[in-house]
There are 2 protein chains.
Amino acid sequence: MNTRLIRKLENFDRLSDEEKQFLEGAVVRARVVSKGEDIIREGDRPTESTVLLEGFAARYSLLRNGKRQITGLHVPGDFVDLHSFLVKKMDHAVLAITPCSVGFVPHETLREISENHPHLTRLLGVNIAVDAAIHRQWIVAMGRRSALEHAAHLLCEMFLRLRAVGLTEDDSFKLPLTQAELGDALGLSTVHVNRVVQDLRKERLITWRGETLVIDDWERLQELAEFDPTFLSFEVEPR
Amino acid sequence: MNTRLIRKLENFDRLSDEEKQFLEGAVVRARVVSKGEDIIREGDRPTESTVLLEGFAARYSLLRNGKRQITGLHVPGDFVDLHSFLVKKMDHAVLAITPCSVGFVPHETLREISENHPHLTRLLGVNIAVDAAIHRQWIVAMGRRSALEHAAHLLCEMFLRLRAVGLTEDDSFKLPLTQAELGDALGLSTVHVNRVVQDLRKERLITWRGETLVIDDWERLQELAEFDPTFLSFEVEPR
DNA sequence: CGCGGACTTGATAAGTTTCAAGGCAGGTGG
DNA sequence: CCACCTGCCTTGAAACTTATCAAGTCCGCG
């Protein structure tokens with residue numbers, strides 16, 4: 001069921017059959033969340049952590065003036081609130097951008113992992129560490145890259161993350177985001193996102209029609225974004 | 001020696017005497033790093049994690065065009081690379097903004113903690129989770145707040161973080177940053193930082209002379225920044 | 001067929017950067 | 001002890017990037 005999660009963790013380090021089985025059993029049930037619905041709300045105090053099994057989700061915060069900032073995009077295999085095991089109260093919400101299927105891992109199970117499965121614990125830690133690295137890349141992109149470079153960077157990131165869980169096909173993948181949502185992730189207005197996307201198209205870097213994004217020139221896209229894949233890097237202390 | 005670290009972790013949950021002692025022993029030696037020097041360089045593969053004992057440090061990334069983005073500020077008690085235990089290769093560097101004294105915790109010790117000290121492991125996890133929450137706040141601020149609000153937000157954050165480790169005095173604290181460095185943290189040009197700081201002064205929100213920053217009106221500063229301290233919140237699942 | 005959501009376009013405004021200078025203060029060497 | 005130097009802060013003007021406002025257009029779906 002949570003194939004993507006296992007696949008993702010296997011990018012970090014080999015999993016024993018026993019560990020895989022344990023992970024399978026760790027997800028207690030699944031729920032479908034419809035598009036536009038919150039998977040978790042700000043202020044919630046979950047007693048289980050949520051794994052995204054299918055669909056796209058986004059962490060976001062809302063400001064008083066109605067502006068929204070997306071602070072992370074999530075794809076199948078991602079824990080959307082692994083940290084809620086450690087920090088009780090959600091400091092942000094998570095939204096289903098497409099219809100999503102999610103699974104739940106009771107905090108009790110996570111506690112058991114942290115007490116009796118040091119290797120799995122470390123892998124979950126790597127998961128968190130990679131999330132943090134992604135956050136830092138977003139900060140760099142927001143602070144010091146142009147809108148165009150920033151957008152290119154995000155596309156590079158999504159491509160590699162989706163590939164890591166087997167959700168790309170050659171150079172294309174499903175990117176079921178509206179330009180408005182992309183703007184909320186990049187910190188740009190919808191209008192400007194539109195112009196930036198058109199620039200990427202004019203430069204023959206991407207094709208994006210409907211939900212399908214094709215990377216037409218991976219080299220130049222990376223170059224433009226000054227994208228260094230190391231931060232996602234699945235290069236870890238082996239057990 | 002690593003009083004600040006212990007103090008910081010105690011904000012998360014009570015530490016037993018045994019745990020405190022263990023932490024004391026975990027820091028193997030200290031080194032002084034002079035101002036402007038890197039504590040850790042990008043690409044390093046440390047075999048120990050570094051705790052900041054005294055001074056201010058900043059994580060940063062450099063872009064080809066020479067621009068620099070600071071992705072996190074660190075104060076005494078902070079681990080600057082706790083994650084290097086899990087993800088071998090540093091994806092960014094850490095700079096001593098002031099003369100710093102740092103201590104080292106061998107990864108071997110961290111591994112032992114992760115295997116035999118579940119409670120300490122969780123506290124270190126909380127540490128990481130709070131860092132991530134700070135990162136998300138930075139993303140929100142960079143994406144959707146004005147330069148003025150963003151600056152105010154950062155000052156609120158620094159005040160509470162320093163207070164948590166006992167480094168404030170009433171409403172004032174040492175902020176040994178140049179405006180250029182602040183700009184690199186906020187993603188703004190030096191000139192604009194200067195104007196923003198002047199606005200904060202004109203509004204009688206802060207006084208900042210030399211290294212001393214006084215918060216003249218905490219209420220209004222928080223209000224302006226739309227600052228919600230929860231994310232730093234030291235509200236955690238007790239052992 | 002018509003409606004709504006998403007995308008596109010143009011014009012104008014706002015926010016921020018860049019460039020260029022000047023000022024101030026603390027520290028050093030003559 | 002003064003002069004100078006250097007790093008940091010400050011100011012103004014002009015340029016650039018991005019946001020906002022206001023219309024359209026396109027397209028899939030009921």
Distance, rounded to the nearest Å, where A/His150 contributes NE2 and D/dT17 contributes C1': 15 Å
Steps toward ring-ring contact (aromatic ring centres under 6.0 Å, His included) verdict (A/His192, A/His150): CA-CA 12 Å; A/His192 201 60; A/His150 186 180; over 10 Å; no
Min side-chain heavy-atom separation B/Arg195-B/Val191 under 4.5 Å: yes
Nearest-angstrom distance from the residue atom CZ of A/Arg209 to P of D/dG28: 8 Å
Whole-Å distance separating the CG atom of A/Asp184 from the C1' atom of D/dA19: 14 Å
Sugar-phosphate, base or nothing in reach of A/Gly187, heavy atoms under 4.0 Å: sugar-phosphate
Geometric class of the B/Phe173/B/Phe159 ring pair [parallel <30°, tilted 30-60°, perpendicular >60°]: tilted
Gap between atoms CG and P, on B/Asn65 and D/dT17 respectively (whole Å): 13 Å
Sugar-phosphate only, base, or nothing, as touched by A/Ser189 at under 4.0 Å among non-hydrogen atoms: base
Heavy-atom check, side chain of A/Asp38 versus side chain of A/Val94, under 4.5 Å: no
Nucleotide D/dT17, atom P - distance to NE2 of A/His192 in whole Å: 9 Å
Test item: B/Leu167 and B/Lys174 side chains (from C-beta on) under 4.5 Å apart, heavy atoms: no
Protein-nucleotide distance (B/Leu175, atom CG; D/dC8, atom C1'), rounded to Å: 15 Å
Collect all protein-nucleotide pairs involving nucleotides 10-12 of chain D in which both atoms are nitrogen or oxygen and the distance is under 3.5 Å.
from, atom 1, to, atom 2, distance (Å)
D/dT10, OP1, B/Arg201, NH2, 3.0
D/dT10, OP2, B/Gln179, NE2, 2.9
D/dT10, OP2, B/Asn194, ND2, 2.6
D/dT10, OP2, B/Arg201, NH2, 3.1
D/dT10, O5', B/Asn194, ND2, 3.3
D/dT11, OP2, B/Gln198, OE1, 2.3
D/dT11, OP2, B/Gln198, NE2, 3.0
D/dG12, N7, B/Arg195, NH1, 3.3

Separation of atom CG in A/Leu213 from atom P in C/dC7, rounded to whole Å: 12 Å
Side-chain donor-acceptor contact under 3.5 Å, B/Ser172 with B/Glu169: no
Residues within residues 136-149 of chain B bordering DNA chain C, heavy-atom distance below 4.0 Å: B/Ala147
Any B/Lys67 side-chain N or O less than 4.0 Å from OP1/OP2 of C/dT17: no
B/Phe56 vs B/Met158 side-chain heavy atoms within contact, under 4.5 Å: yes
ring-ring contact (aromatic ring centres under 6.0 Å, His included) between B/His83 and B/His135, intermediate numbers included: CA-CA 14 Å; B/His83 61 286; B/His135 281 141; 9.0 Å; no
Rounded distance in Å - CG (B/Leu188) to P (D/dT18): 14 Å
Under 3.5 Å side-chain donor-acceptor pair for B/Asp228 and B/Thr230: yes
